[in-house]
Number of protein chains: 2
Amino acid sequence: MTTTNGSAVPRRAGIADVARLAGVSVGTVSNVLNRPDRVTEKTRSRVQAAIEELSFVRNASARQLRQGRNRTVGAIVLDITNPFFTEVVRGVEDRLAEDEYTLMLGSSDEDTVREERLLRRFEEQGVHGLLVTPSHTGIETLLRMRERGVTVVLLDRSSPVPDMASVAVDDVRGAVLAVAHLLEQGHERIAFLNGPLTIRQCVDRREGVLRALADAGRDPESLVEVTVESLNADHGARAMRDLLDGDAGATATFCVNDFTALGALRTLRERGLRCPQDMALVGYDDVSFAAELATPLTSVRQPTHEMGWRAADLLLTSAEPEQVLYQPELVVRASSGG
Amino acid sequence: MTTTNGSAVPRRAGIADVARLAGVSVGTVSNVLNRPDRVTEKTRSRVQAAIEELSFVRNASARQLRQGRNRTVGAIVLDITNPFFTEVVRGVEDRLAEDEYTLMLGSSDEDTVREERLLRRFEEQGVHGLLVTPSHTGIETLLRMRERGVTVVLLDRSSPVPDMASVAVDDVRGAVLAVAHLLEQGHERIAFLNGPLTIRQCVDRREGVLRALADAGRDPESLVEVTVESLNADHGARAMRDLLDGDAGATATFCVNDFTALGALRTLRERGLRCPQDMALVGYDDVSFAAELATPLTSVRQPTHEMGWRAADLLLTSAEPEQVLYQPELVVRASSGG
DNA sequence: GTGAAAGCGCTAACAG
DNA sequence: CTGTTAGCGCTTTCAC
């Protein structure tokens with residue numbers, strides 16, 4: 001049975017329905033939608049009326065299939081719950097909105113499986129491009145995706161290869177600022193609550209810590225390193241407990257991020273220790289509430305919103321893969337005795 | 001010129017290429033992809049090899065176009081930068097991941113234009129469903145979308161009509177808890193830093209405030225209301241300044257959310273006033289850092305992650321539109337003198 | 001300025 | 001178990 005026309009089921013209206021109602025061809029409707037200038041004012045308004053009438057909504061799948069491209073961008077961050085990423089994502093969103101692009105979002109949780117699944121799914125969706133904070137995924141997967149036509153911009157991670165775009169912030173420098181500051185305050189023995197070295201930031205910040213020590217002529221052995229599994233407050237609290245129990249004699253602690261520092265602060269309070277007198281603290285990220293904590297937290301600020309905005313901008317406009325490296329800034333507050 | 005086969009341009013591999021390389025038909029490849037059990041082990045592995053070889057990635061547009069449906073869910077929140085929504089979104093994401101759905105995200109910024117644009121775009125994308133925190137958009141737009149086959153679940157807003165699903169938390173009750181608590185602490189004159197009454201939460205919380213007052217037999221006129229334009233720390237700080245300058249004699253302030261309270265706290269500190277002695281404070285949302293502030297903040301906790309999870313779950317599994325209403329919980333800390 | 005028709009890449013009957 | 005084939009809804013030449 002050929003569906004010549006017939007009284008159709010109450011299905012979603014298509015371009016053909018609009019054409020029929022407006023008494024024009026589908027081609028004309030398509031023109032109204034995509035190149036309104038090529039259509040007479042009169043025809044256009046008639047078509048528009050039909051569109052309203054049927055509350056027609058374009059089918060992006062069909063459109064994309066035909067056009068090949070897509071107005072969607074995928075972003076994969078480590079954890080959307082982390083304010084750092086939240087602000088970056090907001091920057092991304094704001095830039096995408098300017099060009100009417102849609103954001104698809106996923107948190108990888110630093111989990112390779114989850115990350116690769118997201119990558120695959122986004123690619124299937126035919127995203128125009130991808131903004132990724134790779135956790136463990138080698139760059140290879142991303143390079144391969146690029147070969148298949150997906151623009152990739154690394155987020156919060158500088159590219160190891162010259163032909164891939166990236167927007168990052170100099171983490172080594174950030175850590176140098178933090179530790180140099182603590183050394184200037186006269187601290188002799190510094191602890192570093194760091195995350196797993198599978199995370200680039202952790203590696204870089206560690207390098208910065210060591211560099212600051214070296215620059216000041218200190219013995220790298222004087223550094224007390226404690227590893228947290230995950231960069232959140234609970235693990236930070238636990239790490240600070242371990243540190244104190246270890247009795248390593250540190251008088252200042254540099255935390256790999258503010259959440260870790262938040263946890264550390266909690267432990268100090270629980271143990272009745274004062275910050276900065278008994279233990280100075282420096283965090284990283286300068287999250288919104290850093291200034292409002294029980295002890296306002298010294299932290300390293302990064303231009304989060306700007307980073308996201310820029311990354312999306314590179315994705316949408318840049319022909320040549322560009323590598324942007326922002327410089328962090330130390331914000332001194334009470335927790336470091338400044 | 002018919003493209004019989006020919007040495008194609010280095011274009012992305014399609015199902016046909018895979019079929020050719022594996023020496024089977026496209027139907028078989030499709031079967032391997034979608035119903036592997038209907039294919040011989042041998043054929044399957046041959047096809048799999050071809051897929052690897054060509055690094056074939058399914059084209060979701062084509063797939064969706066054919067299937068009609070889509071494994072994508074759109075979510076529109078007021079502002080992804082707000083931890084409340086961040087956590088809700090994370091819950092959504094976690095539930096979606098279980099069923100291999102992808103999340104499309106947008107912040108409406110309480111801006112009707114932005115919100116409607118997002119709605120339209122998501123619908124065009126053919127999302128399976130939509131999770132929306134409507135700001136000003138009337139329910140009508142959403143009802144119309146539902147008629148066109150998009151499942152809609154209201155997020156953080158209970159449905160005004162019985163046949164639309166929603167996941168919300170009892171905001172009236174939350175405000176009652178907060179204010180009743182302050183009254184119990186002996187405060188006679190209470191201030192309420194509220195946002196614009198165009199936001200549902202603000203309306204509901206205001207109702208709760210008035211109810212608590214009434215329940216305690218207080219004169220509703222004793223309430224000092226200050227309006228903040230936007231629910232962030234800066235506006236909160238300004239509002240507290242106005243409040244203090246107004247000299248209304250309030251000894252306790254209920255803030256419509258924690259960020260507003262954060263700002264209020266900042267102002268108190270700037271003016272050398274102590275919290276809770278000079279001004280008690282209660283916030284709303286119980287964001288992660290509420291407990292770690294200079295003065296740990298009493299706040300109303302909502303099951304954010306759970307709400308997001310549940311909303312996504314309703315979207316994916318529920319036949320009947322269900323309306324879930326969670327109960328908030330007051331978490332008493334130092335800022336209210338508890 | 002408008003219409004007719006050929007696919008985009010895939011899935012799902014159905015035939016073999 | 002595998003192959004053939006007809007569209008999904010839209011855009012886009014190419015005629016008119």
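Just so it is clear, the model here is predicted, and its values are computed rather than measured. In what follows, every chain begins at residue 1, and chains take the letters A, B, ... in the order their sequences are listed.
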Checklist line | Closest-nucleotide ordering on DNA chain D, the 5'-leading residue of B:L65 and B:D37 | finding: B:D37
[X] [atom1] to [N] [atom2], straight-line distance once rounded to whole Å:
X	N	atom1	atom2	result
A:N70	D:dT11	CG	P	13 Å
B:R20	D:dG3	CZ	P	14 Å
B:Q125	D:dG9	CD	P	16 Å
B:E123	D:dG9	CD	C1'	15 Å
B:Q64	D:dC10	CD	P	14 Å
B:R46	D:dC1	CZ	C1'	12 Å

Next item on the list: Check whether any side-chain N or O of B:Q67 sits under 4.0 Å from OP1 or OP2 of C:dA12, and answer yes or no.
Entry: yes
Show me the pairs that pass salt bridge (Lys or Arg N to Asp or Glu O under 4.0 Å) and involve [range], at least two apart or across chains.
range	answer
residues 72-81 of chain B	A:R90-B:D79
residues 309-322 of chain B	B:R95-B:D313, B:R310-B:E322
residues 26-41 of chain B	B:E41-B:R44

Can you confirm whether the side chains of [X] and [Y] place a donor and an acceptor under 3.5 Å from each other?
X	Y	answer
B:Q64	A:S61	yes
B:E93	A:S107	yes
A:Q323	A:S166	no
B:N70	B:T72	yes
A:Q201	A:D156	yes

Notebook entry, point to check: With sequence neighbours excluded, what pairs up with A:R148 under the salt bridge (charged side-chain N to carboxylate O under 4.0 Å, His left out) test?
Noted result: A:E123
Notebook entry, point to check: Who pairs with A:R71 by salt bridge (charged side-chain N to carboxylate O under 4.0 Å, His left out), at least two apart in sequence or on another chain?
Noted result: none
Margin query: Just to verify, what does B:R58 make a side-chain hydrogen bond (donor to acceptor under 3.5 Å, both in side chains) with, not counting sequence neighbours?
Written below: B:N34
Check: A:S25 side chain: which of D:dT11, C:dA4, D:dT2 is closest?
Finding: C:dA4
Margin query: Quick check on contacts: within residues 51-63 of chain B, what sits under 4.0 Å from DNA chain C by heavy-atom distance?
Written below: B:F56, B:R58, B:N59, B:A62, B:R63
Margin query: Heavy atoms within less than 4.0 Å of DNA chain C: which residues of residues 27-36 of chain B have one? Give them sorted by number.
Written below: B:G27, B:S30, B:N34, B:R35
Notebook entry, point to check: Given that A:R44 and A:V26 both sit by DNA chain C, which one's nearest nucleotide is further toward the 5' end?
Noted result: A:R44
Do any N or O atoms of the protein come closer than 3.5 Å to N or O atoms of nucleotides 14-16 of chain D, and which pairs are they?
none

Check: Does any pair with a residue in residues 72-102 of chain A pass ring-ring contact (aromatic ring centres under 6.0 Å, His included), and if so which ones, sequence neighbours excluded?
Finding: A:Y101-A:H128
Check: Can you pull the ring-ring contact (aromatic ring centres under 6.0 Å, His included) pairs that have at least one residue in residues 31-65 of chain A, sequence neighbours excluded?
Finding: none
Notebook entry, point to check: Short question: side chain of B:R146, backbone of B:D163 - any donor-acceptor pair under 3.5 Å?
Noted result: yes
Item checked: Estimated bend of the helix from C:dG1-D:dC16 to C:dG16-D:dC1 (axis per five terminal pairs, rounded to 10 degrees) -> 30°
